[in-house]
Participant: 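Next up is a structure, given as structure tokens.
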Amino acid sequence: MPPKRLSGSREPLGADLIIPAAALGFAVYFFFSIADLAWEAKANGVLIGTILVMLIGIQLVRVGVRVVKGSASLSLERLWQPREALPKRLGLVLITVAFIVAIRWLGLTLALFLALAAALYLMGVRKPAHLVLVPLGVAAAAYVLFIAALDSDLPRGPVEQLLAALF
């Protein structure tokens with residue numbers, strides 16, 4: 001629940017622009033990365049990227065109008081609140097970075113399993129069944145969809161190699 005504001009104080013909306021800024025960076029990268037694809041893929045990519053940029057624009061206008069009216073500010077205060085959640089947030093960022101680094105060597109399935117198990121533990125899940133079954137189910141679904149069905153270029157590690165040998 002957000003902290004209560006005194007009447008007349010401005011709502012801090014700067015944190016609401018972090019995800020749109022990251023999405024805009026992704027959209028720009030996306031537009032450049034589709035340049036060498038077939039025209040059908042380019043058309044789909046441009047359509048999806050354009051919709052994303054339009055949604056970012058809507059968010060910017062929404063925040064901008066409130067800032068101009070004086071009912072909001074671009075303060076990042078909500079990003080740091082509540083203070084007791086900061087260690088978990090930073091831990092999730094570190095787990096995500098570790099997942100991105102480790103996926104090359106561990107492969108999608110094992111890296112995803114370990115990252116999700118670590119994230120659940122960090123968020124307070126302590127039942128061993130939940131710490132094993134939820135990550136196992138998600139990792140298995142990712143394997144079936146991205147590796148087995150779509151044969152994507154995601155990194156393959158020891159689990160993918162073992163399953164390829166078995167099947």
Side-chain angles (χ1 to χ4, degrees), residues 1-37 41-127 130-131 134-135 137-139 141-142 145-146 150 152-155:
M1 189 182 278
K4 293 188 179 190
R5 297 260 157 238
L6 298 173
S7 114
S9 68
R10 299 184 314 164
E11 184 179 5
L13 294 180
D16 291 1
L17 298 177
I18 292 173
I19 291 177
L24 183 61
F26 172 75
V28 169
Y29 162 77
F30 192 66
F31 285 134
F32 282 105
S33 69
I34 63 173
D36 295 331
L37 298 178
K42 280 185 197 177
N44 286 325
V46 168
L47 177 66
I48 292 168
T50 301
I51 291 170
L52 180 59
V53 170
M54 287 172 36
L55 290 171
I56 293 165
I58 291 169
Q59 177 71 351
L60 291 175
V61 168
R62 183 188 78 79
V63 170
V65 165
R66 294 195 53 207
V67 169
V68 169
K69 283 183 176 178
S71 65
S73 73
L74 293 178
S75 167
L76 296 173
E77 177 185 337
R78 285 199 310 195
L79 186 62
W80 315 117
Q81 299 298 331
R83 291 251 185 239
E84 56 273 4
L86 264 180
K88 286 184 180 181
R89 289 179 187 169
L90 292 173
L92 288 172
V93 168
L94 292 175
I95 290 169
T96 303
V97 169
F99 168 76
I100 292 168
V101 169
I103 194 171
R104 285 192 180 125
W105 298 287
L106 299 178
L108 171 69
T109 310
L110 185 56
L112 185 58
F113 174 84
L114 294 172
L116 189 51
L120 287 171
Y121 187 84
L122 178 68
M123 291 185 287
V125 175
R126 295 295 184 261
K127 288 189 175 182
H130 293 159
L131 286 172
V134 171
V138 171
L145 178 63
F146 295 112
L150 296 176
S152 70
D153 288 334
L154 289 166

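All residue numbers refer to positions in the sequence shown, counting from 1.
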Participant: Using atom types as modelled and distance alone, determine if a side-chain donor or acceptor of S73 lies under 3.5 Å from a backbone N or O of R10.
Facilitator: no
Participant: Give the minimum heavy-atom separation between R78 and R89, together with the two atoms involved.
Facilitator: O-NH1, 4.0 Å
Participant: With rounding to the nearest 0.5 angstrom, report the CG to CD1 distance, L154 to I103.
Facilitator: 6.0 Å
Participant: Which heavy atom of A111 sits nearest a heavy atom of F99, and at what distance?
Facilitator: O-CD1, 3.5 Å
Participant: Side chains of L76 and P12: does their closest heavy-atom pair fall under 4.5 Å?
Facilitator: no
Participant: Atom OG1 of T109 and atom CG of L114: how far apart are they, to the nearest 0.5 Å?
Facilitator: 11.0 Å
Participant: In terms of heavy-atom contacts, does CG of L90 have more than 12 from other residues, nucleotides or ligands at under 6.0 Å?
Facilitator: yes
Participant: Please state whether the rings of F30 and F26 are parallel, tilted or perpendicular, taking 30° and 60° as the class boundaries.
Facilitator: parallel
Participant: What heavy-atom pair brings V134 and L116 nearest, and what distance separates the two atoms?
Facilitator: O-CD2, 4.2 Å
Participant: Report yes if the side chains of V63 and L74 come closer than 4.5 Å at any heavy-atom pair, otherwise no.
Facilitator: yes
Participant: With sequence neighbours excluded, what pairs up with R62 under the side-chain hydrogen bond (donor to acceptor under 3.5 Å, both in side chains) test?
Facilitator: D16, Q59
Participant: Taking R126 for its side chain and Y121 for its backbone only, find out whether a donor-acceptor pair lies under 3.5 Å.
Facilitator: yes
Participant: Looking at OG of S152 and CG of L145, how far apart are the two atoms once the value is rounded to the nearest 0.5 Å?
Facilitator: 8.0 Å
Participant: As an exercise, state the distance from CG of L79 to CD1 of I18, rounded to the nearest 0.5 Å.
Facilitator: 4.5 Å
Participant: Please find the pair of heavy atoms, one from A115 and one from I95, that lie closest to each other, and give the distance.
Facilitator: O-CG2, 3.5 Å
Participant: Apply side chain to side chain contact (heavy atoms under 4.5 Å, CB included) to R66 and L13, showing your working.
Facilitator: CA-CA 9 Å; R66 294 195 53 207; L13 294 180; 3.7 Å; yes
Participant: Enumerate, atom names and distances included, each donor-acceptor pair closer than 3.5 Å involving a side-chain atom of residues 41-55, sequence neighbours excluded.
Facilitator:
residue, atom, partner, partner atom, Å
K42, NZ, A35, O, 3.0
N44, ND2, E40, O, 3.4
T50, OG1, V46, O, 2.6

